[in-house]
Amino acid sequence: MLTRLPHHSSPLVFPCRLSAAAAARTLSTATGSNSTTVKMARSALDEVTDAGAFDRSPSTFRSSISRDSSARFPAVPGRYHLYVSYACPWASRCLAYLKLKGLDHAIGFTSVKPIFERTRETDDHLGWVFPATGDEEPGADPDPFNGAKTIRELYEIASPNYIGKPTVPVLWDKQLKTVVNNESSEIIRMLNTEFNEIAKNPDLELYPAHLQTSVNEINELVYDAINNGVYKCGFAKKQGPYDEAVTRLYEALDKCEEILSRQRYICGNQLTEADVRLFVTLIRFDEVYAVHFKCNKRLLREYPNLFNYTKDIYQIPGISSTVNMEHIRKHYYGSHPSINPYGIIPAGPNIDYNTPHDRERFSA
């Protein structure tokens, strides 16, 4: 059952991966002649410019795990935990790496509930919340280590004065009780290289030296125009920024379609980091972005190469387990009241990504 969000005179919108900025919002509550100022986590409203464009800020926790046993965060099994949302593309690419590299035996993960809820009684912030019990929301579980009720609480355990955005993914150090890193692009690089001594698939290199230039170029295109581009479309508050974002989005999709007409993967004929980063947006495209974020100029299913490419990656062993479409649909349609005030979840399209694809034609 879909939970209705509380009404706000100024509706809040929250993309799933937004990081800290310098200033804090405050909530003043009148109590007789006095007023109380309450620190609260920031919302995405703070990242929309005066021109009406969505402008994402950088992540905050940027430490690294190292294969060096003397490092502050050494790559050892059982020490780290990944907090995610299945709904979030940024967190999902970290889950994909756990599966691809064979690290889910060494690094556990916990998913939050898909729909934003209040994170504290003293302010009106809405964000990621853990279920109270393991059977409250299929696919989500309570915090197994800290007893935190929300992702916000984890950030406050790590940094008691934290007033930024409590985002996922969170790579957590159980020993030091702190956030190691909350930037997914850095987390996946660590998972790719630093844990190879304990990985089940250590020979899988998703950032190979001979393709790094190509991967970096594709990542730059895909992040700005596609991964973040759909959010720029969805959270734009004026027509001009939306028009600019949607134009760049479809130019980039057209370019990827053309590349994939010549080769199996986006950087050649082997799977790389760039494929994982592109996939997490494509798998959500027709289900949520086309409707919810107004990315409806052309559906993914109308791109023969991109659509079959998405099915190809989905069918890699382990990847389908990182895609929980129920959580994805609940989150986007249920957590952004300024876009979808009644939280209605559309009936379709319910795409079967296990159907045959034609990508083997490019195999060496």
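Here the structure is a predicted model, which means the values were calculated and not measured.
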[X] ring center near [Y] ring center (under 6.0 Å):
X: Trp128; Y: Phe116; result: yes
X: Tyr303; Y: Phe307; result: no
X: Phe279; Y: Tyr309; result: no

>> Within the structure provided, determine whether Leu206 and Val215 are in side-chain contact (heavy-atom separation under 4.5 Å).
In response: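 Contact flag for Leu206/Val215 side chains = no.
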
Charged N-O contact under 4.0 Å between [X] and [Y]:
X: Lys311; Y: Asp352; value: no
X: Lys113; Y: Glu136; value: yes
X: Arg67; Y: Glu197; value: no
X: Glu244; Y: Lys232; value: no
X: Glu156; Y: Arg152; value: yes

>> Testing the 3.5 Å rule here: is there a donor-acceptor pair between the side chains of Asn305 and Ser261?
In response: no

Flag yes if more than 12 heavy atoms outside [X] fall under 6.0 Å of its [atom1] atom; otherwise flag no.
X: Lys174; atom1: NZ; value: yes
X: Glu220; atom1: CD; value: no
X: Lys255; atom1: NZ; value: no

>> Once ring pair (Phe, Tyr, Trp, His ring centres under 6.0 Å) is applied, what residue pairs with a partner in residues 130-159 remain, sequence neighbours excluded?
In response: Phe61-Tyr155, His81-Phe145, Tyr83-Phe130, Tyr155-Tyr162

> Only one of Tyr231, Tyr342, Phe235 clears ring-ring contact (aromatic ring centres under 6.0 Å, His included) with His336; which?
Replying inline: Phe235

> Which heavy atom in Thr310 sits nearest to a heavy atom in Tyr353, and how many Å separate them?
Replying inline: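 What the structure gives for the nearest pair is CG2-CE2, 3.9 Å.
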
> For the residue pair Arg359 and Asp312, what are the closest heavy atoms and their distance?
Replying inline: CB-OD2, 3.2 Å

> With Tyr80, which of Asn181, Leu171, Ile187 fulfils side chain to side chain contact (heavy atoms under 4.5 Å, CB included)?
Replying inline: Leu171

> Taking the six-membered ring of Tyr207, is NZ or CZ of Arg189 closer than 6.0 Å to its centre and within 45° of its axis?
Replying inline: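 Cation-pi check for Arg189 and Tyr207: passes.
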
> Which residues satisfy the side-chain hydrogen bond (donor to acceptor under 3.5 Å, both in side chains) test with Asp173, sequence neighbours excluded?
Replying inline: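 Result, side-chain hydrogen bond (donor to acceptor under 3.5 Å, both in side chains) vs Asp173: Arg79.
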
